[in-house]
Peer 1: 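Before I ask anything, let me first share the structure, which is written out below as structure tokens.
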Amino acid sequence: MVVAAAVTLFTRRARARLDVVRAARPAHRTDDPARRARRELSDVFGQRKLFQKALPGAMHASIFWGFLILLPTIVEAMLAVVDPAWTLPYLGHAAWFAFLQDVFATLVVLGVGVAFYIRKVQRPDRFRGSHMQEADRILLMILGIVTTLLLWNATRISLGYADHPNAMPVANLLSNLFAGGRRTEVAERILVWAHLLLVLGFLTYLPRSKHLHILTAAPNVYLAKNAPRGYLEPLRIDIESADADVRLGAAVATDLSRKQVLDLYSCTECGRCQEVCPAWATGKPLSPKLLIMALRDQVVAEAPAILAAAGGGVVELQPLVPNAVTDEVVWDCVTCGACVRECPVDIEHVDTIVDLRRNLVMAESRFPPEAAAMLRGVENSENPWGQPAAARTEWASGLDGLRVLQPGDPPPEVLFWVGCAGAFDERAKTTTRSIARLLTAAGVDFAILGPRERCTGDPARRMGHEYLFQMLAEQNVQTLNGAGVRTIVASCAHCFNTLANEYPDYGGRYEVLHHTELLARLVRDGGLRATASASGSVTYHDACYLGRHNGRFDAPRDVIAAAGAAAVEMPRNRERSFCCGAGGARMWMEESGDARINDMRFAEAEATGAGTVAVACPYCFVMLDDAAKAKGSSVRVADVATLLAESALPEPPPEPH
């Protein structure tokens with residue numbers, strides 16, 4: 001009866017959560033099931049992402065693996081409740097299972113001890129805002145489950161029920177606490193019932209606790225994106241046929257997808273995302289963890305209304321912004337993806353934030369006022385700087401042999417996608433000229449689109465104006481396909497990410513290279529060779545949209561090495577690089593908080609003692625150079641292409657005025 005009641009209660013509570021997931025929009029994540037299965041093995045069963053932190057990883061793995069191994073003991077306890085001599089067929093008589101049971105029960109006890117040490121002694125800041133009392137309650141329940149198991153096994157050894165007492169060293173040692181006889185028989189009954197009741201209590205508590213991730217983490221990891229982290233799924237907005245049901249981002253809980261709802265249920269409140277968030281680190285309201293927790297609380301509170309709406313009822317749901325999270329929280333995100341990389345259960349914070357932005361921008365026209373000029377520039381002039389298309393080639397003044405691709409011209413081997421920053425920002429123009437000169441010197445057949453090039457739409461999309469991005473993407477793809485372009489090299493990490501990962505959704509399938517990849521290849525093949533070494537030491541800043549989002553870490557470093565520079569790494573580098581603060585259209589918005597993100601990153605670079613900070617993205621160039629100037633630092637900021645050009649080419653032609 002007790003078991004039946006517990007299972008019934010668990011089923012009812014779990015189904016209530018599952019029904020909310022089912023009521024959400026479908027998440028079309030069925031591509032490459034083999035890759036998804038491999039991710040399950042590595043991230044769920046192998047605990048790969050948890051081991052990014054050694055001690056917490058070992059702690060969690062001990063508890064997780066312990067519970068997997070100990071699952072059969074629940075059935076064993078149920079049998080023993082009826083008759084103390086009963087046990088599992090085969091497993092109950094196997095010495096190896098007795099050994100595993102003993103070892104992993106002990107590991108769980110040790111894991112719980114480490115968990116309490118981390119929470120009560122170390123007390124890392126990443127737990128700020130987490131439900132610590134609930135975590136303590138769950139840890140005590142887990143400790144009770146495995147402690148009663150070990151003591152129960154000890155009484156079984158004392159009473160002679162265990163087949164292989166020597167295979168259970170810990171329980172065998174504990175059996176010395178029991179002398180056999182009637183008192184041990186009573187203790188065995190108390191312990192087996194205590195063990196079973198704790199297991200059943202944990203089972204019924206699970207669906208309403210943050211430990212629901214035990215059930216949701218595996219499907220959530222399976223449904224994670226197979227595409228690079230920088231990829232955003234399109235909305236496909238058709239204004240001409242739009243009706244009242246058109247979805248413009250996430251306004252209320254029913255706008256969330258099944259993956260997004262699973263994200264909310266899967267959050268363990270571990271705070272790893274919060275710990276690496278640039279916004280949180282600089283004193284801003286955004287914490288990826290607290291954002292997910294707040295959205296989860298609203299979804300849980302509105303569950304009856306969500307189910308009623310799914311059944312065709314007319315209900316009024318509260319807006320997610322500002323009811324769950326404030327506008328400021330939504331706009332603080334730089335979309336760097338550090339939170340997503342750290343999350344052990346593959347929560348996609350950035351995608352949800354962008355979905356919230358989409359509704360604010362497209363449905364409510366609600367966004368930071370300083371970003372309005374950027375959106376107007378992209379909409380009216382097809383670039384965030386609001387410059388005329390004819391000015392897109394002014395950077396090339398004085399460069400000989402540069403081909404501007406005209407309609408009907410034969411396609412080049414490589415199209416150089418200059419990008420808006422590379423064409424209009426004075427500092428980024430230096431990088432653009434360096435790349436063009438290097439490609440010319442290496443004999444690469446390349447051309448630019450010139451006035452026909454438009455913004456890729458990245459800043460508009462990351463800000464939430466999906467429809468504007470869609471228009472630009474369709475127009476650019478039409479131009480590129482009409483020109484017969486097959487290979488593109490981009491100097492902007494954001495253009496690179498958009499062209500490579502997001503334009504295929506609109507029919508634009510090209511081989512897209514970042515300029516550092518092409519330059520590294522040319523150096524490797526002998527097309528470029530340094531004749532002088534760069535002076536001083538260089539530290540390289542990994543751009544989020546090149547490195548963490550797309551896994552391009554080595555090519556920029558290869559170019560720096562080819563320039564003969566002495567490289568020194570910052571403490572946070574490669575996949576754990578700290579953002580420059582420009583992503584997510586933040587370059588066009590004012591920054592609040594205790595500090596500026598670019599200032600914090602530049603201070604880290606300056607602390608290495610390097611004379612030059614090398615970058616591979618114009619956004620990073622602008623942000624870090626601004627930080628250097630604000631501090632009055634003598635440290636130089638330069639693109640890796642400029643460093644290579646200075647080492648491999650003769651004196652450059654004069655800069656255009």
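Computed from a predicted structure; not experimentally measured. We number each residue from 1, following the sequence as shown.
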Peer 1: Using modelled atom types and a 3.5 Å cut-off, is there a donor and acceptor pairing between side-chain atoms of E348 and backbone atoms of Q260?
Peer 2: no
Peer 1: Please confirm whether Y619 and H494 have ring centers closer than 6.0 angstrom.
Peer 2: yes
Peer 1: When you check the gap from the basic side-chain N to the acidic O, do E233 and K259 get nearer than 4.0 Å?
Peer 2: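 Result for this pair is no, no salt bridge flagged.
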Peer 1: In this structure, are over 12 heavy atoms from other groups packed under 6.0 Å from Q478 atom CD?
Peer 2: no
Peer 1: Is it true that R236 and D505 have a side-chain N and a carboxylate O under 4.0 angstrom from each other?
Peer 2: no
Peer 1: Verify the distance criterion only: is there a donor paired with an acceptor across the side chains of H211 and S209 at less than 3.5 Å?
Peer 2: no
Peer 1: Calculate, to the nearest 0.5 Å, the distance between atoms CG and SG belonging to L291 and C333 respectively.
Peer 2: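 With rounding to 0.5 Å, CG (L291) is 9.0 Å from SG (C333).
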Peer 1: Determine the interplanar angle of the F45 and F64 rings, folded into 0 to 90°, and report it as parallel if under 30°, tilted if 30 to 60°, perpendicular if over 60°.
Peer 2: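 Tilted.
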Peer 1: Let me see the working for N550 and Y545 under side-chain hydrogen bond (donor to acceptor under 3.5 Å, both in side chains), right down to the final yes or no.
Peer 2: CA-CA 6 Å; N550 285 285; Y545 273 78; over 6 Å; no
Peer 1: Once you measure the plane-to-plane angle for F202 and F67, does it fall in the parallel (<30°), tilted (30-60°) or perpendicular (>60°) bin?
Peer 2: tilted
Peer 1: Ignoring hydrogens and geometry, is there a side-chain-to-backbone donor-acceptor pair from E453 to G419 under 3.5 Å?
Peer 2: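 Yes.
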Peer 1: Say whether, by atom type as modelled, one donor and one acceptor occur between the side chain of Q298 and the main chain of Q318 under 3.5 angstrom.
Peer 2: yes
Peer 1: Under 4.0 Å between a side-chain nitrogen and a carboxylate oxygen: does that hold for R486 and E511?
Peer 2: no
Peer 1: Would a distance-only check, ignoring hydrogens and angles, find a side-chain to backbone donor-acceptor pair under 3.5 Å from R366 to R357?
Peer 2: no
Peer 1: For the side chain of K49 and the backbone of R341, is there at least one donor-acceptor N/O pair under 3.5 Å apart?
Peer 2: yes
Peer 1: Can you tell me how far CD of E466 sits from CG of L248, rounded to the nearest 0.5 angstrom?
Peer 2: 10.0 Å
Peer 1: Can you check whether Y222's main-chain N or O pairs, donor with acceptor, with R39's side chain at less than 3.5 Å?
Peer 2: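 At least one qualifying donor-acceptor pair exists.
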Peer 1: For N220 and D346: C-alpha separation, side-chain torsions, deciding distance, then whether side-chain hydrogen bond (donor to acceptor under 3.5 Å, both in side chains) applies.
Peer 2: CA-CA 7 Å; N220 202 55; D346 286 347; over 6 Å; no
Peer 1: Could you tell me whether the side chain of L513 reaches within less than 4.5 Å of the side chain of R521, counting heavy atoms only?
Peer 2: yes
Peer 1: Looking at Q470 and I237, would you say the former's side chain and the latter's main chain have a donor-acceptor pair under 3.5 Å?
Peer 2: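 Looks like yes, one N/O pair under 3.5 Å.
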Peer 1: Is it true that E275 and K53 make a salt bridge, defined as a side-chain N closer than 4.0 Å to a carboxylate O?
Peer 2: yes
Peer 1: What class does the angle between the rings of F469 and Y506 fall in, given that below 30° is parallel, 30 to 60° is tilted and above 60° is perpendicular?
Peer 2: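 Ring orientation, 0 to 90° scale: perpendicular.
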Peer 1: Would you confirm whether K289, through its side chain, and C270, through its main-chain N or O, come within 3.5 Å as a donor-acceptor pair?
Peer 2: no
Peer 1: If only atom types and distance count, is the side chain of D639 paired as donor or acceptor with the main-chain N or O of T431 below 3.5 Å?
Peer 2: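 Answer holds: no.
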Peer 1: Between the main-chain N or O of A250 and the side-chain N or O of R358, is there a donor-acceptor pair closer than 3.5 Å?
Peer 2: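 No; judged by distance alone, with no hydrogens or angles, the pair does not exist.
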Peer 1: Hey, are T479 and R454 close enough side-chain-wise for a donor-acceptor pair under 3.5 Å?
Peer 2: yes
Peer 1: Should R25 and R258 count as side-chain neighbours, where that means a heavy-atom distance under 4.5 Å?
Peer 2: no
Peer 1: Could you tell me whether R601 sits above the aromatic face of F578, with NZ or CZ closer than 6.0 angstrom to the six-membered ring centre and within 45 degrees of the axis?
Peer 2: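 Negative - R601 is either too far from the ring of F578 or too far off its axis.
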